[in-house]
Protein chains: 2
Amino acid sequence: MAMGWQEVRDEALRRIRARDWPPGARIPDEAALAGELGCTRVTVNRALRDLAEAGLLERRRRGGTRVPLTPVRRATLSIPIIRQDIAERGQEPGYRLLIDRLEPGSAEARAALGDGPLRHVVALHTAGGAPYCLEDRWLSPAVVEGVDFAEVSANEWLVSHVTYAEARLSFGAMTADAALAEALGCPPGAALLLLDRSTRAETPITWVRLIYAPGHRVDAGL
Amino acid sequence: MAMGWQEVRDEALRRIRARDWPPGARIPDEAALAGELGCTRVTVNRALRDLAEAGLLERRRRGGTRVPLTPVRRATLSIPIIRQDIAERGQEPGYRLLIDRLEPGSAEARAALGDGPLRHVVALHTAGGAPYCLEDRWLSPAVVEGVDFAEVSANEWLVSHVTYAEARLSFGAMTADAALAEALGCPPGAALLLLDRSTRAETPITWVRLIYAPGHRVDAGL
DNA sequence: AAGTGGTCTAGACCACCTT
DNA sequence: AGGTGGTCTAGACCACTTT
């Protein structure tokens, strides 16, 4: 008895796995568990909230806590600065600005940032001299007024200046056309991993497509 | 004054964004903030813990709480059952088992599950009759002893029977060879999005590669 | 050695939602 | 209408780690 919240969480997890609490079932309420396990309701609450955040329980006021019939697990995906990502792989990060001009936005960019001229920044990230990823970015001009992306990548500038914004990510794949093949130093027709991200705080900030060189993988944990 | 934990969190976020608490700086300790904001230390703790879990603060006992110089944001990626995923897109899910036999594992499968014969299950998921994704899975035989995957996909069986396991995800891209092109109903050479996942609880359970039809996207939030 | 976050207790009030 | 989770208070002890 007298369990800490992590012990309570582990015990609850054991009961779920053991089908003591089968899928769809309602589990005892917090007060009952607190009494049974010899701790306060706050401790039980902390433990069950943790499991609910991971998608392993569903909680509702008045409705109680249930084991979901079809749990939707949630994985965490860390979003590092590209140059750090490269450095952690033990390679020398490099960066070259290819395009920086105002343009009418692409369809995706307009959907994320609204209409009107947008700042279009295209840059190549290299690892140990080899192409690593192409950064195709559209920015709300007001946010980056006067910023020069020749030396510092937009990726890096944004992370350190527009911290804590909301982001939406989307993975996809595309075939390398001639221009991409040349930029990334790969054969035309190669399969490329895409990672699109739109970012906004109070107001839309940026939409970016990262196009990785062939063979690249993006990992997520849990 | 008298703020709830979410208000405390929002106020802290505001100070971070406004550079009242610049990157690298140590912020006031919990007791000080509690006094300033008119709540208890527990409430401040809850708020700052929430920000730390999102990667926006770094906390250490005795070392205090700091604003990270280079924050690593974490996104959440939900992992649904494939047939539900299809149903939510408003299409009719279908499933066809292609292969189910014991084999020596592929390199990736052996790395995740260990050596020895593994159960290899290959199946096609369809959406409204059209190929949606190919599921190429390797399983520890003991875990799925006697289970028939002809009617229920391994994806679905595992979610409801091996709940709450650890998983590691990895995204990539590959080119459709002739066999894949036929299975997925796409031209050879098409770029395909891959999602690899290895799952283990106390013991390794499964390694799976999902190969999506061209154009498919996988979304993540925050 | 001492300061900071981590956690627990006991009690309370409230918000929400299901019955 | 009532039960359940959500949250807050006030106080306390502990764990860690930096000074």
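Chain identifiers are assigned alphabetically (A, B, ...) following the order of the sequence lines, protein sequences preceding nucleic acid strands; residue numbering begins at 1 within each chain.
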Would you please name every residue forming a salt bridge (Lys or Arg N to Asp or Glu O under 4.0 Å) with B:Asp115, sequence neighbours left out? B:Arg110
Who are the salt bridge (Lys or Arg N to Asp or Glu O under 4.0 Å) partners of B:Glu30, not counting sequence neighbours? B:Arg41, B:Arg59
Which residues share a side-chain contact (heavy atoms from CB on, under 4.5 Å) with A:Gln91, sequence neighbours left out: A:Ile86, A:Ala127
Under 4.0 Å from any heavy atom of chain A: name the first and the last nucleotide of DNA chain D that qualifies, 5' to 3'. D:dG2 to D:dC8
Under the rule for salt bridge (Lys or Arg N to Asp or Glu O under 4.0 Å), what residues qualify as partners of B:Asp196, not counting sequence neighbours? A:Arg217, B:Arg209
Mapping B:Thr43 and A:Gly64 to their closest nucleotides on DNA chain D, which lands nearer the 5' end? A:Gly64
A:Val67 side chain near A:Leu57 side chain, heavy-atom distance below 4.5 Å: yes
With A:Thr203, which residues qualify under side-chain contact (heavy atoms from CB on, under 4.5 Å), at least two apart? none
Could you pull out all residues at least two apart from B:His216 that satisfy ring-ring contact (aromatic ring centres under 6.0 Å, His included)? B:Tyr132, B:Tyr212
Note: for B:Thr65 and A:Arg26 on DNA chain C, the residue whose nearest nucleotide lies more 5' is B:Thr65
Grab the N/O contacts between the protein and nucleotides 14-17 of chain C below 3.5 Å, and write none if there aren't any.
residue, atom, partner, partner atom, Å
C:dA15, N3, A:Arg61, NE, 3.2

Please work out if A:Arg46 contacts a base, only the sugar-phosphate, or nothing of the nucleic acid, heavy-atom cut-off 4.0 Å. sugar-phosphate
What's B:Glu58 touching, base or sugar-phosphate or nothing? Going by heavy atoms closer than 4.0 Å. nothing
Partner set under side-chain contact (heavy atoms from CB on, under 4.5 Å) for B:Thr126, not counting sequence neighbours: B:Leu124
